[in-house]
> 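Okay, handing you the structure first.
From a predicted model like this one, the values you see are computed outputs, not experimental measurements. Below, chains carry the letters A, B, ... as their sequence lines are ordered, and counting in each starts from 1.
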Amino acid sequence: MPLAAFTWTEFAQQIAAGVREGAIYAGLALAIVIIYRSTRVINFAQGEMATFTTFIAWSLMNRGLSFWVAFPIVLAIAFAGGVTIERVLIRPVENAPVLTIVIITLGLALLLNGLMSIIWGGANRQFRGPFSTRTIDVGGVPISVQDIGIVVVSIALVALLALFFRFTKLGLALRAAAVNPDSSRLAGVRVGWMLALGWGIAAVLGAVAGMMIAPVVFLDPNMMQTILLYAFAAAVLGGLDSPAGAVVGGILLGVTITLLGRYVGFIGSTLKLPVALLLILILLLIRPGGLFGRVAVRRV
Amino acid sequence: MRLRLSVELLGFVALTAIVAELPRFVGDYRARELAIVGMYFIALLGLSILTGYSGQISLGHGAFMAIGGYTTAILTVNGFYGHPVRDLWTIPIAGVVAGIAGLLVGVPALRLSGLYLALITFGIAVSFPQLPKKFDHFLGGTTGKILNLAKPPYGLDTTTNDWIYYLTWGIALVLLLCAWLLVRGKTGRALKAIRDSEVAAASSGISLARYKTLAFGISAFYAGIAGSLYAIANAYVNPDVFPIILSVYLVVGLAVGGLDSLPGLIAGAALIYFLQNHADTVAKWLNHLPALSLDPKQPGISSVVFGAVLIVVMLLVPTGVGGLLRRVLHPLTTRLYTRS
Amino acid sequence: MSLLELESVGARYGPVKVLHEVSLTVGEGELVAVLGANGAGKTTTLRAVSGTVRRSGDVVFEGHKLPRRPEATARAGIAHVPEGRGTFSELSVWENLRLGAYTRRGKIRDDAKRVYAFFPRLEERRDQQAGTLSGGEQQMLALGRAMMARPKLLLLDEPSLGLAPLVVKEIFEALARMKEKDGISVLVVEQNANLALAHAGRAYVLEVGRVVVAGTSDELRANESVRRSYLGY
Ligand SMILES: Nc1ncnc2c1ncn2[C@@H]1O[C@H](COP(=O)(O)OP(=O)(O)OP(=O)(O)O)[C@@H](O)[C@H]1O
Ligand SMILES: [Mg+2]
C-alpha cells in the first residue's frame with residue numbers, strides 16, 4: 001500500500017531529490033547534445049570520461065587538495081582530454097559512416113573503464129563532496145544542503161554556457177560550425193577546432209556532473225553507466241538537438257523517475273530504468289523529434 | 001557470376017570439412033571453447049544482417065541472447081505446463097521467442113533513425129538485467145536458474161563438449177547458409193538498398209517497414225538461438241551470464257569481422273571469446289613491448305585490450321577482417337572471374 | 001601588380017576534371033565578371049580561389065600564394081558569397097552579420113551600420129531567423145555578411161539568381177558603391193551577361209572549363225560570338 005504513507009512533506013522531498021537527479025542528467029545530456037549537434041555523433045564514452053575525471057579529482061583530494069582547489073584543475077584536465085580525444089580519435093574518421101564513429105566511442109568507453117579499474121581498482125570509493133549532507137528547512141521541507149548545492153552548481157554552469165554560446169564570438173562560431181560547416185569555413189572559422197572545442201566543453205560538463213554525483217552514489221568505474229542512460233533519455237526527450245531541451249528533459253526525467261520509483265510500488269527501484277526507456281520509446285513514437293525538437297524552418 | 005557462386009560454395013564446403021574434422025585435432029576443452037566461438041558467430045551473423053546489410057545499429061543484442069537463454073532455461077526447468085522440454089527442442093523455440101521480441105523492437109525502430117535506435121537498443125541492453133531481479137520467482141533473480149547438464153542424445157558416443165561443439169557448429173553452418181541465401185537474394189538487395197539510401201529505396205518501391213522490421217526479427221532470432229545454446233553449454237543462466245557489456249562485445253566482433261562479411265565474422269567471434277577469456281595472455285604479450293608491465297590478472301585488462309583493439313581496427317581497417325580478406329583474395333578471384 | 005592572379009588553375013571533382021588551365025587576374029578596385037553557359041565551370045573557378053574544391057596551379061593573392069584552405073582564404077581578406085548564398089539559416093540576421101566579421105578584431109557596430117545603410121531591410125529584420133527571410137533578403141544578408149569582413153576581394157556567385165529585377169538593380173548599385181567607397185575588388189559570376197557587362201570593367205568567358213575570350217566589357221560586347229551566345233542579339 002504505497003499511498004498509505006503519503007505526506008506532502010515527503011512528496012516535496014522526493015521532488016527535490018528528483019530535481020537533484022535531474023540536474024545531473026541535464027549536465028550530461030547537455031554534453032551529449034553539444035557533441036551531437038556539431039558532429040552528429042553520440043558519444044558513448046561520455047559517462048566513462050566523466051567518471052575518469054572524477055577519479056582524477058579523487059586522487060588530487062587524496063593528496064590533500066581541497067575540493068574547490070581540485071575542481072578547476074580537474075576541469076582544465078577534462079577540457080584538454082576532450083580536445084585531445086577529438087583530435088586523435090574522432091578527427092581521422094570524420095567522414096566515415098556514423099557506425100564507425102559510434103564504435104570508436106564505444107571502444108573509448110571500454111578503454112577508459114578498464115584503465116580506471118587498473119589505476120584505481122574496482123572498489124567503491126567514498127568521494128567527499130563540497131557540500132554537507134546536513135538538511136536545512138526550506139519552507140517547512142527538510143532538504144539537504146548537498147542537493148541544493150548540486151542544483152545550484154548545475155544551473156550556474158548551464159547559465160554560463162548559455163551566455164557563452166549567445167554572446168561570445170567563439171560561442172557563435174561553435175554554433176555556426178555545428179549547423180553549417182561549409183559556410184563557417186568560408187567565414188574564416190576553423191571548423192575542425194570548433195569540433196574539438198565542443199568535445200572539450202562536453203568533457204568539462206561531464207566532469208562537473210561526475211564530481212557532483214560522486215558524493216551521493218560512491219565512486220567506482222561504473223558509476224556513470226546508468227546515469228549516462230538516463231542522460232541519453234533526457235537528451236532524446238529534449239530532441240537531441242536542443243541544449244535547452246536537454247536541460248528541461250533532464251529535470252523532467254529526474255522528477256518523473258524519482259516519483260514513479262517512490263510511489264508506484266510495482267516499479268520500485270529495479271524497474272526505474274526500463275520504465276524510463278518505455279516512456280522515451282512511447283514519446284518517440286508520438287513525437288519523433290522529442291519534446292522540443294523543432295522542425296527546421298527554412299526557405300529556399 | 002556463376003564462378004563467384006562456385007567459389008563461395010567451395011568455401012562453404014571447405015568450412016564444413018574443417019568444422020567436422022577439427023575436434024579430432026584439439027582437446028576436449030578446446031572443443032568447448034570453439035563451441036562458444038560458434039555461438040558468438042551465430043549471434044554475429046544475425047547482427048550482420050541487421051547492421052551490415054540493413055544499416056540499423058543495435059547495441060542491445062546481448063538482451064536478445066538473454067531472451068533466448070532464459071527461454072531455454074524456463075522450458076527445461078519449469079517446463080511447458082509442467083512438462084519439462086528437452087533442451088534440444090527449446091533451441092528453435094528460443095529463437096522464435098527472441099525473434100518475436102526483435103520484431104516488437106523493430107516496429108518502433110522504423111520510426112527511429114540510426115542513432116536513436118542505437119540509444120534505445122543500448123537502453124534495452126542496460127535495463128534487461130533488471131527484469132530477472134524484478135520477476136525473481138519466475139526468472140530466478142540474481143542467482144539464476146540451473147539447467148540439467150547437456151548430454152549427447154540417443155546414446156551418441158561423444159563427450160558432452162564434443163556434442164555441444166557439433167550441435168553449435170551444425171546449427172551455425174545451417175544459419176550461415178540461410179544468411180548467405182538471404183543476403184544474396186531479393187531480401188538482401190532490398191536491405192542493402194535501404195542501407196545505402198532509405199529515400200531511394202522507398203521511391204523504388206521497397207517497403208521500408210517490412211524489410212527493416214524483418215531484419216530486426218531475423219537478427220534477434222539468430223541471437224536467441226545463440227543465447228539458447230549458450231545457456232545449454234553453461235547449464236545455468238543469470239543476469240551475469242548475459243552481462244550488459246555482451247551487447248558491446250558483439251558490436252566489437254561485428255566491426256572487427258567486417259560489417260557485411262559473413263565468413264569474416266568467425267574471426268570476430270573468436271576475438272570476442274579470446275579477449276573475454278584470455279585477456280591475461282594478451283597482457284603477457286604486451287609485456288614484451290618496451291616500457292610496459294601489466295599485471296595480467298588485473299580486472300580491467302580485458303576492457304582495455306577490447307577497447308584498444310576496437311579503436312585501432314576502426315581507425316586502421318574500418319572494413320575489418322572481412323574487408324582485408326576480400327582485398328587479399330581480390331586479385332585471385334578477379335583473375336578467376338575474368339577467365340570464365 | 002594585380003590583387004588576384006590565377007595561373008593555369010585546374011580543378012577536379014573526384015576523377016572529373018572540370019577546369020583546365022584557367023588564368024585570370026583581378027586588379028585593385030576592379031570589378032571583373034566571369035560569363036559562361038551552365039556547367040562551364042564559373043562556380044568552380046570561384047571555388048578554386050576560395051579553396052573549396054581540389055585544385056592545381058597557383059592562386060596568388062597580394063603577391064602571396066594562397067593555401068588551399070577556405071578559412072585561410074577568408075583570413076587573407078577574400079569573402080566568398082557562394083552559389084545558393086550560404087547564409088546560416090538557423091541563426092538570426094544579426095548573428096549572421098557577426099559571423100561575417102569573424103576574422104576581424106575590434107568593434108563591429110559601425111560596420112553593421114554601414115550594412116544597414118546599404119540594406120535597410122536587414123535592420124528591420126535583425127532578430128529574424130535567416131532561413132525565414134525572402135530570397136532577395138537572403139541575398140542581401142549574404143552580401144552584408146561579406147561586407148562585415150571588410151574584404152579586399154569579393155567573390156560573388158550569381159547574385160541575381162531568382163531575384164526581382166528591381167532587387168538585382170539594388171544589389172548591383174550597392175556593389176558599385178562599395179567598389180567606389182571602399183576600394184573593394186569584385187570577381188562576379190553572372191548568367192545575366194548584359195547586366196554583368198554593364199557594371200564590370202573586364203570579363204572572361206568560360207567554355208567547358210577553359211577561358212575562351214577575355215577583354216574589357218566593351219570589347220566583349222563588340223565580339224560577334226559573345227554577342228550571339230551570351231547577350232542574345
Ligand atoms: N560537386 C560536384 N561533383 C561533381 N561534379 C561537379 C560538382 N560540382 C560541379 N560539377 C561539375 O563541374 C562542372 C562545372 O560546374 P560549375 O558549377 O562550375 O558550373 P557553372 O559554370 O557554375 O554552371 P551554372 O551556370 O549552372 O551555375 C559541371 O559539369 C558540373 O556538373
Ligand atoms: Mg554556378
> So which part of A/Val41 gets closer than 4.5 Å to some heavy atom of chain B, the side chain, the backbone, both or neither?
backbone
> For B/Gly60 versus B/Ala125, what's the shortest heavy-atom pair and its separation?
CA-CB, 3.8 Å
> Who among A/Ile280, A/Leu240, A/Leu89, A/Val236 has the most heavy-atom pairs with chain B under 4.5 Å?
A/Leu240
> Please find the pair of heavy atoms, one from B/Leu310 and one from B/Ala255, that lie closest to each other, and give the distance.
CD1-CB, 4.3 Å
> Under 4.5 Å, counting heavy-atom pairs only, tell me which of A/Gly107, A/Ala233, A/Ser117, A/Ala96 racks up the most with chain B.
A/Gly107
> Sort B/Leu254 into side chain, backbone, both or neither according to what part of it lies under 4.5 angstrom from a heavy atom of chain A.
neither
> Do B/Leu117 and B/Ile57 make a side-chain contact, defined as non-hydrogen atoms from C-beta onward lying under 4.5 Å apart?
no
> Flag the pair A/Leu115 / A/Phe52 as yes when at least one side-chain heavy-atom distance between them is below 4.5 Å, and no otherwise.
yes
> For A/Val255 and A/Glu21, what are the C-alpha separation, side-chain angles and deciding distance, and is it a side-chain contact (heavy atoms from CB on, under 4.5 Å)?
CA-CA 8 Å; A/Val255 172; A/Glu21 288 290 302; over 6 Å; no
> Checking B/Tyr222 now: which residues fulfil ring pair (Phe, Tyr, Trp, His ring centres under 6.0 Å) with it, not counting sequence neighbours?
none
> Can you pull out every salt bridge (charged side-chain N to carboxylate O under 4.0 Å, His left out) where at least one residue sits in residues 80-92 of chain A? Sequence neighbours excluded, please.
A/Arg91-A/Glu94
> Heavy-atom distances under 4.5 Å only: say whether B/Val248 touches chain A with side chain, backbone, both or neither.
side chain
> Between A/Ser59 and A/Trp120, do the side chains contain a donor N or O and an acceptor N or O under 3.5 Å apart?
yes
> Is there any residue in residues 216-226 of chain A with a non-hydrogen atom under 4.5 Å from a non-hydrogen atom of chain B, and which ones are they?
A/Gln225, A/Thr226
> Is chain B contacted by the side chain of A/Pro274, its backbone, both, or neither, given a heavy-atom distance below 4.5 Å?
both
> Heavy-atom distance under 4.5 Å to chain B: side chain of A/Ile104, backbone, both or neither?
both
> With sequence neighbours left out, what residues match A/Thr51 under side-chain hydrogen bond (donor to acceptor under 3.5 Å, both in side chains)?
none
